[in-house]
Amino acid sequence: MPNPALPEVPFLTSDDSMLSRRFGKEILNYYAGGTLNRYSFLRPDTAFLSRAASQSNARFVALNGLNPLVKEQTDLQYLKLGDLKPLIGEQPFALSEEDEIKNFDSSKKKPLLVFLGLLDDENAQEIATTNHGSVKGQPFFAVDVTPREPFTEAASALLKDQEAQGASVQASPMKMILHPESAAMYAQARSMIDWNTRSPFCAGCGQPSLSVHAGYKRVCPPTDAASSTPRGECLTRKGVSNLCFPRSDPTMIAAVVSADGQRVLLGRQKRFPPHWYSTLAGFLEPGESIEEAVRREVWEEAGVHVGRVVIHSSQPWPYPSSLMIGAIAQARPGKEDIQLNDKELDDAKWFSIEDVRTALKVGTGALGESPPEGYKEGDLRLPPAQAIANRLLAAVAEGFLTAVPKI
Ligand SMILES: [Zn+2]
């Protein structure tokens, strides 16, 4: 798998702030770095959304079973509203949110449609909003085109048509080589469609909920035309904090360096092919800081006691909606013996920095894929540059520098 070029944050490329001089350049990981302006405050403005969707330059990212429609593997296949008419109609945002809620009928399913944002384009037509003047840019949306009832026929026909135009469905996350802007757009689209799909019922009363705010919020309407039984009171209709918003699950991932700075702690899961290792990772628990989560997970998984933890960078990981918080941590002297306490890992080992450096050059790739040229059978294999684990190890291999690594 070719290593994708790491994107630069356009407004930070020539950054000479005091912060960057003190802490180094901001580091960007794969799936981050998209330049869409999400305009979150325009999501409830259905009049704006309706205008945006019908602009001639509006584009729709299509997901089939959460996998993207792509062309030539490196770019998304962008659809136009016209392509989607059999599925979402001519005016997908025709009703105001108030009317959507009032007319709610849980028996009438609609394909999920999410407003992703506007891409800056000075030459684009102005789009009027209801309360914020007009905005300019190319609108992007995400749409679920999975063939399922009652859209099986329309979705299947659409997919067939797109395939005839050269599109395909990228079904393997480990073979993802979308260019960075598309990857970031896909990350947003995938997490949003996944969250909506998996949250069809109200968390307060268990009845069907309705997607509003262009896919970013789910509400529990007070009535449902599909049911003759009154829905009754629901806590989620009282107070803003009771509404259901999309989640991001904070996950720590750390490159743990030995006390003398000469070795790196790596672990492997049973499902990994031989010689494959990666950095240790785990979900944060309520009531602990990121640093504490790193110390807990590393001890639970490998028995090593960690001291200082430095946060390096973060990465949205849309499988389904983790926020990977990358850290570099150092083991405490004399507390480096490995013991697999929780048995989550199949093995954990200390590797020399030199072994890691070699593996970053000739041993990376997608799980189960052949290594690049120059790899010696039996040597360490590591995740590809799309994974933050690779970036953390690159930073360690380069002496913990915070500049974008060049591996
Ligand atoms: Zn409810």
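Numbering of ligands and ligand atoms starts at 1, following listing order.
Residue pairs meeting the salt bridge (Lys or Arg N to Asp or Glu O under 4.0 Å) criterion with at least one member in residues 72-92: none, sequence neighbours excluded.
Distances under 2.8 Å from the Zn ion (ligand 1) pick out the protein N/O/S atoms C202 SG, C205 SG, C220 SG, C234 SG.
Between the side chains of S191 and Y186, no donor-acceptor pair is found at a separation under 3.5 Å. Looking only at atom types and distance, the side chain of S322 has no donor-acceptor partner in the side chain of D249 under 3.5 Å away.
Taking the six-membered ring for Trp and thresholds of 30 and 60 degrees, F141 and F60 have nearly parallel ring planes, at less than 30 degrees apart.
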Item to complete: Start with the C-alpha gap between K270 and E344, add the side-chain angles, then the distance that decides, and say whether salt bridge (Lys or Arg N to Asp or Glu O under 4.0 Å) holds.
Response: CA-CA 9 Å; K270 248 199 182 94; E344 241 181 61; over 6 Å; no
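Here the two rings, on F245 and Y216, have centers that are 6.0 Å apart or farther.
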